[in-house]
Amino acid sequence: EMSGKKEFIRINPIDSVAVALQPLSKGMETELDGINITLQEDIPQGHKFALHEIKEGDPVIKYGYPIGKAKEKIPAGCWVHVHNMKTGLGDLLDYTYQPKKSNIKERKPDEFMGFRRTDGSVGVRNEIWIIPTVGCVNSVAEKIAELSGKYVEGTVDDVIAFSHPYGCSQMGEDQENSRKILADLIKHPNAGGVLVLGLGCENSGIEILKNYIGDYDEQRVRFLNAQDHENEIEDGVQIVKELLKYAGSFEREAIPCSELIIGMKCGGSDGLSGITANPTVGGFSDMLIARGGTTILTEVPEMFGAETLLMNRCENEKLFDQTVDLINDFKNYFTSHNQTIYENPSPGNKKGGISSLEDKSLGCVQKSGTAPVKGVLAYGERVKNKGLNLLSAPGNDLVASTACAASGAHIVLFTTGRGTPFASPVPTVKISSNNLLFSRKNNWIDFNCGELVDDSTLEELSQKLYDYVLRVASGEKVKAEEAGFHDMAIFKQGVTL
């Protein structure tokens, strides 16, 4: 429900608050559903105001759900934020499965131009990746990439080294995570060729990693242990030249979008993220899934407070149980480190109008659209089922985006209200929730959802995003790629030796 030139929005008819779509001034009079409201104070963009009196202890309703409780009586027209409301979340909860049917209609897949690999998988880039098994050879990997750059030609996009500080001095689950993620990246079809660069004495050396990689094309994946070579840089460049020749034999060809896998993540959220950018990505997700494609939603701590929505969209009881475990395992991870489960939202989130974790989470899960949940993935596990998948990873932007890539995402869609320049191992599309960010950080932002505040509809904007994603899949570079940014981060939880 928008008023006039969209000054504010009441997202759901039962909401007790509305969200300012632009800065609103004290004394402004407005009318909603026959009720007259006068603003009692200035309301910043993205922030909430009460539509009627909210009594102390009563739930504050936004997105049709409680986002917390009033700490005091809040009169109509007053600003609602951290000073007068608090989270309503407790610790572990009991969940019951109340399935909700989805009504996504199947459509014929569109095509994009991608690279078909020898094993039948599909890539949207044709890059050479240099993957260090251990942080000790990061600089060597970067040097090899730098020196090989001049040999790049034909259909090959780039030679990229993925530095990380792990692969040694790790134990238990951390070591396991490093091996899984490195193996996932080695197998990623956006790489036409891969040089796995080892040192020779690390925990997660080449021979160990081979067990995680499984079958591989010997022309596509090459290995080099630096301790075994007199000049590992020279020899590394020689291998990359051979990989360039191999990868250069691949050409883009028409591929149905049912083979696309897209990761969905948000960071630096503001009060408009859950209203403009995240619902647009949700609309995109539904469109891709209707055409047989796959999306991955991650960052489990930002499902806390909205998890029941996802649970009830699970296609069957088994997936429901897996989603309950996904949530509870993450809560237990926090408590086992003596941390509070709800240490969220961040300072930037609060400044942007997000008042509680439920507020943030309900906004975050808008990215999942309305499709049924078809898969629940452990960290480092690769996607098996088409449709919407939930992936276990933390909220950290670099770790979660890398996790999406490792699970098979060809591209990551990243919505933000504050802006960020980072990249991930795959093209990372930055989507702004507001016009100001888009105009100010045009060197970061690829797609603007602030238009929703003006005159675009959600359907139009989702269609526009869908068309843009197919262009990116067909080779159009995103801003971070143009800047030459490629980041990678692995989830670290435990001891460093």
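What you see is a predicted model, and the numbers here were worked out from it, not measured in a lab.
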Phe320 atom CZ: more than 12 heavy-atom contacts under 6.0 Å: yes
Distance in Å, Cys78 SG paired with Lys26 NZ, rounded so as to fall on 0.5 Å steps: 9.5 Å
Pairing of Arg418 and Asp270 as salt bridge, 4.0 angstrom limit: no
Close aromatic pair by centroid cut-off 6.0 Å: Phe485 and Phe422: no
Geometric cation-pi criterion Arg291 and Tyr466, 6.0 Å radius, 45° cone: yes
Lys180/Glu381 ion pair, N-O < 4.0 Å: no
Non-hydrogen side-chain atoms of Phe162 and His486 separated by less than 4.5 Å: yes
Qualifying residue, where the test is side-chain hydrogen bond (donor to acceptor under 3.5 Å, both in side chains) with Ser355 and the options are Lys350, Lys360, His83, His81: His81
Spacing of SG belonging to Cys449 relative to CG belonging to Leu461, to within rounding of 0.5 Å: 4.5 Å
Side-chain (Lys265) to main-chain (Val412) donor-acceptor, under 3.5 angstrom: no
Value rounded to 0.5 Å, distance of CD1 in Ile11 from CD1 in Ile9: 5.5 Å
From Ile261 atom CD1 to Leu288 atom CG, the distance as rounded to the nearest 0.5 Å: 10.0 Å
Stepwise side chain to side chain contact (heavy atoms under 4.5 Å, CB included) check, Thr294 with Leu260: CA-CA 6 Å; Thr294 303; Leu260 271 182; over 6 Å; no
Exam field: side chain Ser407 to backbone Val383, donor-acceptor pair closer than 3.5 Å: no
Lys69 NZ: over 12 foreign heavy atoms closer than 6.0 Å: no
Any donor-acceptor pair under 3.5 Å from Ser439 side chain to Leu436 backbone: yes
Donor + acceptor pair across side chains of Asn278, Thr415 (<3.5 Å): yes
Between Ser269 and Asn349, a side-chain donor and acceptor under 3.5 Å: no
Worked verdict on Glu56 versus Lys71 for salt bridge (charged side-chain N to carboxylate O under 4.0 Å, His left out): CA-CA 6 Å; Glu56 182 181 345; Lys71 292 200 276 201; over 6 Å; no
Residue among Asp446, Asn442, Thr416, Asn448 satisfying side-chain hydrogen bond (donor to acceptor under 3.5 Å, both in side chains) with Ser432: Asn448
Electrostatic pair Glu459:Lys464 at N-O distance under 4.0 angstrom: no
Approximate separation, where rounding is to 0.5 Å, of Thr298 OG1 and Ile296 CD1: 8.5 Å
Ring centroid separation Trp129 to His188 under 6.0 Å: yes
Check: Arg116 side chain, Val122 main-chain N or O, donor-acceptor pair, under 3.5 Å: no
Short side-chain to backbone donor-acceptor contact, Gln366 and Leu362, under 3.5 Å: yes
Heavy-atom pair with the smallest gap, counting every atom of Lys386 and Gly292: CD-O, 3.1 Å
Residues Asp455, Lys6: salt bridge by 4.0 Å N-O rule: no
Main-chain N/O of Lys108 paired to Asp110 side chain as donor or acceptor, under 3.5 Å: no
Short side-chain donor-acceptor distance under 3.5 Å, Asn435 and Arg440: no
Gln40 side chain vs Thr38 backbone, donor-acceptor pair below 3.5 Å: yes
Main-chain N/O of Leu398 paired with Ser401 side-chain donor or acceptor, under 3.5 Å: no
Ser356-Thr87 side chain donor-acceptor pair, cut-off 3.5 Å: no
Arg382 CZ: over 12 foreign heavy atoms closer than 6.0 Å: yes
Taking every non-hydrogen atom, the tightest pair across Thr428 and Ala423: OG1-C, 3.9 Å
Near-ring test Tyr166/Phe491, centroid separation under 6.0 angstrom: no
Centroid-centroid distance, Phe438 to Phe447, less than 6.0 Å: no
Minimal non-hydrogen separation, Glu31 against Asn36, with atom names: CG-OD1, 3.5 Å
Donor-acceptor contacts, no H, no angles, side chain residues 306-314, under 3.5 Å, sequence neighbours left out:
| unit_1 | atom_1 | unit_2 | atom_2 | d |
| --- | --- | --- | --- | --- |
| Glu307 | OE1 | Gly305 | N | 2.6 |
| Glu307 | OE2 | Tyr95 | OH | 2.4 |
| Asn312 | OD1 | Gln98 | N | 3.0 |
| Asn312 | ND2 | Thr308 | O | 3.3 |
| Arg313 | NE | Ala371 | O | 3.0 |
| Arg313 | NH1 | Ser368 | OG | 3.0 |
| Arg313 | NH1 | Gly369 | O | 3.0 |
| Arg313 | NH2 | Ser368 | O | 2.9 |
| Arg313 | NH2 | Ser368 | OG | 3.3 |
| Arg313 | NH2 | Gly369 | O | 3.2 |
| Arg313 | NH2 | Ala371 | O | 2.9 |

Check: Val80 main-chain N/O paired with Asn84 side-chain donor or acceptor under 3.5 Å: no
SB check Lys86 Glu358 (cutoff 4.0 Å): no
Side chain Arg252, main chain Phe115, donor-acceptor under 3.5 Å: no
Ion pair Lys187/Asp119, N-O distance below 4.0 Å: no
Stepwise salt bridge (charged side-chain N to carboxylate O under 4.0 Å, His left out) check, Glu315 with Lys374: CA-CA 6 Å; Glu315 202 174 43; Lys374 298 275 197 166; 2.7 Å; yes
Value rounded to 0.5 Å, distance of CZ in Phe49 from CD in Glu41: 11.5 Å
Asp359 bridged to Lys62 by N-O distance under 4.0 Å: yes
Least distance between heavy atoms, Leu390 atom then Leu326 atom: CB-CD2, 4.1 Å
Shortest non-hydrogen contact from Val426 toward Ala405: CG1-CB, 3.8 Å
Atom CD of Glu173 with >12 non-hydrogen neighbours under 6.0 angstrom: no
Cation-pi check, Lys331 onto Phe304 ring (under 6.0 Å, within 45° of axis): yes
For the student: nearest non-hydrogen atoms of Thr402 and Asp487, plus distance: OG1-O, 4.3 Å
Crowding at CD, Glu317 (>12 non-hydrogen neighbours, <6.0 Å): yes
Salt bridge (charged side-chain N to carboxylate O under 4.0 Å, His left out) assessment of Arg10 paired with Asp33: CA-CA 10 Å; Arg10 181 192 212 173; Asp33 299 339; 2.6 Å; yes
